[in-house]
Amino acid sequence: AEVLECSESSVKANLHRARKQMEAYRQHARPEPQAWSAAVLEASQKLVAALVSGDIEAMQELLHPDCVYVSDGGGQYRTALRPVYSAPRVAALLLGLQKKGETVRGLELCEVGGTPTLDVRYAPRDARQAPRALVQLDVSADGRVLGLYVQMDSAKLPATDAV
């Protein structure tokens with residue numbers, strides 16, 4: 001209360017409201033844990049199909065209007081330096097990256113930290129292209145992609161277990 005320069009009762013009321021909103025989000029924004037993998041698998045398949053076909057409309061339909069793309073190359077590989085927001089911008093970025101012609105050697109769904117993740121292996125053409133990326137999809141209950149979180153920094157890439 002002192003830091004926020006308000007009364008203690010105001011802080012308690014705001015905390016109560018925030019906890020209530022977070023609980024509502026947990027219950028309604030995501031599928032149940034047992035269905036989550038299926039939702040991510042379906043979203044992953046749609047994402048790959050849209051990328052391969054270059055279908056920007058299908059990509060934008062799959063992406064939530066407020067989706068975000070965040071990537072981390074650890075300064076080692078080329079990545080987006082800042083998060084990219086909105087379905088049109090994320091779709092354009094993904095399709096642009098796909099058109100640059102990084103050859104995908106392998107793609108599988110695996111589990112990283114209990115989260116279904118796409119493990120993408122590339123055949124890089126130069127040292128600034130990552131040979132591997134882990135892509136975690138944040139998928140809503142209605143199957144739309146809320147976020148794509150891409151890890152390319154080899155020092156941060158964990159071992160994976162196939163699903």
Side-chain angles (χ1 to χ4, degrees), residues 11-74 77-100 102 104-122 130 132-154 156-163:
V11 171
K12 287 179 181 179
N14 286 333
L15 179 60
H16 176 74
R17 278 189 227 110
R19 285 181 175 156
K20 193 173 180 179
Q21 286 178 337
M22 287 304 297
E23 184 58 32
Y25 173 78
R26 283 188 198 107
Q27 289 178 357
H28 302 291
R30 305 203 191 303
E32 292 298 315
Q34 64 270 19
W36 205 79
S37 292
V40 171
L41 179 59
E42 185 176 346
S44 300
Q45 290 170 339
K46 287 180 179 179
L47 179 69
V48 171
L51 282 170
V52 169
S53 68
D55 187 347
I56 197 159
E57 290 84 18
M59 178 75 68
Q60 288 183 2
E61 186 176 313
L62 173 64
L63 300 174
H64 187 277
D66 298 323
C67 74
V68 62
Y69 172 94
V70 179
S71 58
D72 178 5
Y77 301 113
R78 267 183 251 145
T79 62
L81 298 176
R82 293 186 177 95
V84 177
Y85 297 96
S86 83
R89 287 184 176 159
V90 172
L93 172 70
L94 292 173
L95 291 172
L97 290 172
Q98 191 271 341
K99 286 180 183 175
K100 283 191 175 185
E102 285 191 17
V104 175
R105 287 189 307 121
L107 178 72
E108 75 174 306
L109 187 65
C110 60
E111 189 171 304
V112 177
T115 304
T117 303
L118 283 173
D119 188 350
V120 186
R121 308 286 175 136
Y122 298 101
R132 180 178 178 213
L134 293 181
V135 182
Q136 292 187 321
L137 298 180
D138 185 7
V139 180
S140 68
D142 65 358
R144 297 183 85 185
V145 177
L146 297 164
L148 293 99
Y149 304 94
V150 183
Q151 183 57 257
M152 293 179 270
D153 184 354
S154 56
K156 297 177 184 174
L157 291 175
T160 59
D161 300 318
V163 174

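- Taking the side-chain hydrogen bond (donor to acceptor under 3.5 Å, both in side chains) definition, one finds that Gln60 meets it with nothing, sequence neighbours left out.
- Shortest non-hydrogen contact noted between Leu63 and Ala91 is CD1-N, 3.7 Å.
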* To do: Under the side chain to side chain contact (heavy atoms under 4.5 Å, CB included) rule, what do Leu148 and Leu137 come out as? Steps first, then yes or no, please.
  => CA-CA 5 Å; Leu148 293 99; Leu137 298 180; 3.6 Å; yes

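- Listed for the Thr117 side chain is no donor-acceptor partner under 3.5 Å among the backbone atoms of Leu134.
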Can you give the donor-acceptor pairs under 3.5 Å from side chains of residues 45-55 to other protein atoms, not counting sequence neighbours?
| unit_1 | atom_1 | unit_2 | atom_2 | d |
| --- | --- | --- | --- | --- |
| Lys46 | NZ | Glu42 | OE2 | 3.3 |
| Ser53 | OG | Ala49 | O | 3.0 |
| Ser53 | OG | Ala50 | O | 3.3 |
| Ser53 | OG | Asp55 | N | 3.3 |
| Asp55 | OD1 | Glu57 | N | 3.1 |
| Asp55 | OD1 | Ala58 | N | 3.0 |

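- Note that SG of Cys67 and OH of Tyr85 are 11.0 Å apart. Values are rounded to the nearest 0.5 Å.
- Summarising the geometry, atom NE2 belonging to His64 is positioned 10.5 Å from atom CG belonging to Asp138; distances are rounded to the nearest 0.5 Å.
- Leu62 and Gly143 make their closest contact through CD1-O, 3.8 Å (heavy atoms, listed as atom of the first residue, atom of the second, distance).
- In this structure, CE in Met59 is found 5.0 Å from CG in Leu94, a value given to the nearest 0.5 Å.
- Applying the side-chain hydrogen bond (donor to acceptor under 3.5 Å, both in side chains) rule to Arg17 yields the partners Asn14; only residues at least two apart in sequence or on another chain are considered.
- Not counting sequence neighbours, Asp66 has no partner by the side-chain hydrogen bond (donor to acceptor under 3.5 Å, both in side chains) test.
- When atom types are taken as modelled, the side chain of Arg121 and the backbone of Arg132 share no donor-acceptor pair closer than 3.5 angstrom.
- A 6.0 Å sphere centred on CG of Leu15 holds more than 12 heavy atoms belonging to other residues, nucleotides or ligands.
- Here Leu118 contributes atom CG and Leu41 contributes atom CG; the two are 9.0 Å apart, rounded to the nearest 0.5 Å.
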